[in-house]
2 protein chains.
Amino acid sequence: MSQRPTIKDVAKRANVSLSTVSLVVNNKSYVSPKTRERVERVINELGYHPTSSARGLALRKSGNIGFILTNDHFTQSEPFYTKIFLGAEFEIQKHNYYILLATIPKQFNASNSIPRFLLEKNVDGVIVAGRVDYKMIEFIETMGIPLVLIDYKISNRQYSTIVMNNYKGAEQAVKHLISHGHKKIGFIGGELQHPSIKQRYIGYSEALAGAGIQPENNWIVKDLPDTRQMNGYDGARKLFSKKECRPTAIFVANDAMALGVMKYCKENNIKIPDDLAVIGFDNIEASYYVEPKLTTIDVNKEEMGIIGVQTLLNSIKEKTDIVRNIHTSVELVIRESCNSKGC
Amino acid sequence: MSQRPTIKDVAKRANVSLSTVSLVVNNKSYVSPKTRERVERVINELGYHPTSSARGLALRKSGNIGFILTNDHFTQSEPFYTKIFLGAEFEIQKHNYYILLATIPKQFNASNSIPRFLLEKNVDGVIVAGRVDYKMIEFIETMGIPLVLIDYKISNRQYSTIVMNNYKGAEQAVKHLISHGHKKIGFIGGELQHPSIKQRYIGYSEALAGAGIQPENNWIVKDLPDTRQMNGYDGARKLFSKKECRPTAIFVANDAMALGVMKYCKENNIKIPDDLAVIGFDNIEASYYVEPKLTTIDVNKEEMGIIGVQTLLNSIKEKTDIVRNIHTSVELVIRESCNSKGC
DNA sequence: AATTGTTATCGAAGCGCTTCGATAATTGTG
DNA sequence: CACAATTATCGAAGCGCTTCGATAACAATT
């Protein structure tokens, strides 16, 4: 079984020195077109690929980046983080890096939760996806490793961050409702201290303001304890308990709650979209299977991963600590839940 | 900013040679307890960790193993493969390896679907999870890299394989029904050419035989085109269209179809578990949320990952090509869908 | 006391690559 | 045409580790 070829084999066969081969491979410095071409041919003939550990040793770089998330985020059935990871994985290939994935427990514990690649300094940078214990972030910071956060915004601290454009998504949703003639557009949401939800609420408010609509207080439910489906149900009940001047459309802060709203409507004979238009946010899988299909805002998860990688790689290249905050794109997906004409 | 310590720093500080430090770290050969202790102390003081690329270069091993699955498997909402990966990741840490994950398209294409870690020989072994294009397998084989398949059995070929114990699971399911007094126990399943489903059917048959029960043909539907929910629904319809001698219990070959069966029953006023006991297989998330909660067979996904890693690491250590076929454990989870007394 | 075996430590070579500085070949300039 | 500047190639050192073979110290056996 022949060993895989090394740079030496290539050099010998192409009748050049090791250095020249290396220069060709990394296309650096001056190499004449003839020799470059010859070396490249030999590389193809032999199927030569540089060994990453040798290269890593010489360059004092690992060629890896770390990807950290909590294991409950990773295994949740909505493949949100999985898709972010997929985007990252896709992008990283182009840059000839590898991703080392580490899942950590929700409760961080310095003695056993630290990914080995950090201890061994086997990564040139780290992506953290989703909320993790802040001590984890601190640890990475003290190691001086470039860091990018995806879908996790830490206020008061300066980290490069990739988040979806919640504001714009909300705005689009509301504009869509307005374009259908709706004027009485309600909002249902909870956990307003959560930055994403807050941005969605702001987007809602400003879109209305932009259209010259002054929302009434009883169109709005924003004191729900969290963003689960049952709270959407409760929110709808609260909202419809007040008889006077009901909204004809509702922007719900996420799909899970929107499903709850729809459930309430079904049970109370409120027809969607005829009596009430409903629009959600997130484009979870269930939003497609519910009856009627939910119109919602899609988040480009893969893009979040891609941009995350690009941002991290930039931070690795430049040595300065530029902090970038990026809002990734968001898209209205029109289905069946708000086809009504507003009244 | 002080560089991270190397083996040299440790040696100097502990007043020994590089070799001795290396021997301590890998605890090989003879080192006197005193020096060992001293070296270890210095290692802790400095926070020394060997650099994996240097080690990899010297040992001509990467210290990585590759984990390959198709991207649709990875992103499906039931986190089956994700959990297998998680188990693998958990186990690999103990052995000081890293996992490099690569997702490949369903349609294999030799020019761009080959994970980079294979081309660069940057892995010491590979795990393939779930069905992938056979050309992928062949490619790995020709590279002479140790390989373990998880949840993917290829007949006629000899690969180490980790699959759940479908036979035993089916047997347990049927025995559970029998223990509730059921004698007329039906089977609904499709895609019998699929090895897992086939094993489940065999387990069903033999469990009945073992109890001295001769199943009647019209208790059994096994010609469904695939294993999706709607086929379970259809299967139930077929089964209940024949009036004579209905089963009092059904073992459905997977939860998805079981859900379909339950839907049919609900629509046709067949009460579960009173009129009909239903048991599924897989323990998907929805099986917990359905009404009544589905009794089913749980598959230990993490264990599959763990055993997969152990098996692969064994193959890497021994140079011989021992082929191991392992059936991982499976567990009855009793919920609400077969609490009836059989008639 | 001489011989053998065991235990402990070390020096040096080598793993496959990058890169600095030296040198050689080529081209451009006045 | 002489000289400088540019382009092309190479040798050697070094990245941080493992390991072979040598040597030394010590213990056990005749």
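In this text the structure is predicted, and so the values were computed from the model without any measurement. Naming: A, B, ... by sequence-line order, numbering from 1 per chain.
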Could you check B:Arg60 against B:Thr20 and say which one's nearest nucleotide on DNA chain C is further toward the 5' end?
-> B:Thr20
For the pair made of CG in B:Asn26 and P in D:dG16, what is the distance, rounded to whole Å?
-> 17 Å
Can you list the steps and then say if A:His49 with B:Arg116 is a side chain to side chain contact (heavy atoms under 4.5 Å, CB included)?
-> CA-CA 10 Å; A:His49 283 275; B:Arg116 197 165 56 93; over 6 Å; no
To the nearest Å, how far apart are A:Leu46 CG and C:dG16 C1'?
-> 15 Å
Mind calculating the distance between NZ (B:Lys12) and P (C:dC10) to the nearest angstrom?
-> 14 Å
Rounded to whole angstroms, how far apart are CG on A:Leu18 and P on D:dG11?
-> 8 Å
Looking across every strand, which nucleic acid part, if any, lies under 4.0 Å from A:Ser53 by heavy atom: base, sugar-phosphate, or nothing?
-> nothing
Presence of B:Thr6 side-chain N/O under 4.0 Å of D:dC15 phosphate oxygens OP1/OP2 | no
Can you tell me the distance, in whole Å, between the CD1 atom of B:Ile7 and the P atom of C:dG11?
-> 13 Å
Determine the contact category for A:Val25: base if any of its heavy atoms lies under 4.0 Å from a base atom, sugar-phosphate if only primed atoms, P, OP1 or OP2 are that close, otherwise nothing.
-> nothing
Do A:Glu303 and A:Ser329 meet the criterion of a side-chain donor-acceptor pair at a distance under 3.5 Å?
-> yes
Short side-chain N/O contact to D:dT9 OP1/OP2 from A:Ser32, under 4.0 Å = yes
Does the side chain of A:Tyr30 get closer than 4.0 angstrom to OP1 or OP2 of D:dT7 through an N or O atom?
-> yes
Taking only the side-chain nitrogens and oxygens of A:Lys28, find out if one of them lies under 4.0 Å from OP1 or OP2 of C:dT18.
-> no
Between C:dA12, C:dC17, D:dC10, which one does the side chain of A:Ser19 approach most closely?
-> D:dC10
A:Ser17 side chain near D:dC10 phosphate (N/O to OP1/OP2, under 4.0 Å) | yes
Proximity to the side chain of B:Leu59 - top-ranked nucleotide from D:dT9, D:dC15, D:dT19 | D:dT19
B:Val31 side-chain proximity, nearest of C:dT9, D:dC10, D:dT18 | C:dT9
Provide, to the nearest angstrom, the distance between the NZ atom belonging to B:Lys34 and the C1' atom belonging to D:dC26.
-> 11 Å
Steps toward side chain to side chain contact (heavy atoms under 4.5 Å, CB included) verdict (B:Leu101, B:Glu89) | CA-CA 10 Å; B:Leu101 178 90; B:Glu89 170 66 22; over 6 Å; no
Which of D:dT9, D:dT18, C:dC17 is nearest the side chain of B:Ala58? It is D:dT18
Residue met sooner reading DNA chain C from 5', once B:Ala54 and B:Asn15 are mapped to nucleotides = B:Asn15
Separation of C:dT7 P from B:Arg36 CZ (nearest whole Å) | 14 Å
Within the pair B:Arg55 and D:dT18, is there a side-chain N or O less than 4.0 Å away from OP1 or OP2?
-> yes
Atom-pair distance (CZ on A:Arg38; C1' on D:dA8), nearest Å = 12 Å
Show your reasoning for whether side chain to side chain contact (heavy atoms under 4.5 Å, CB included) applies to B:Glu331 and B:Asn300.
-> CA-CA 8 Å; B:Glu331 189 189 0; B:Asn300 196 335; over 6 Å; no
Closest-nucleotide ordering on DNA chain D, the 5'-leading residue of B:Leu23 and B:Leu57 = B:Leu57
Would you tell me whether A:Ser22 and A:Ser19 have side-chain atoms, one donor and one acceptor, within less than 3.5 Å of each other?
-> no
For the residue pair B:His73 and B:Tyr81, categorise the inter-ring angle as parallel (less than 30°), tilted (30 to 60°) or perpendicular (more than 60°).
-> tilted
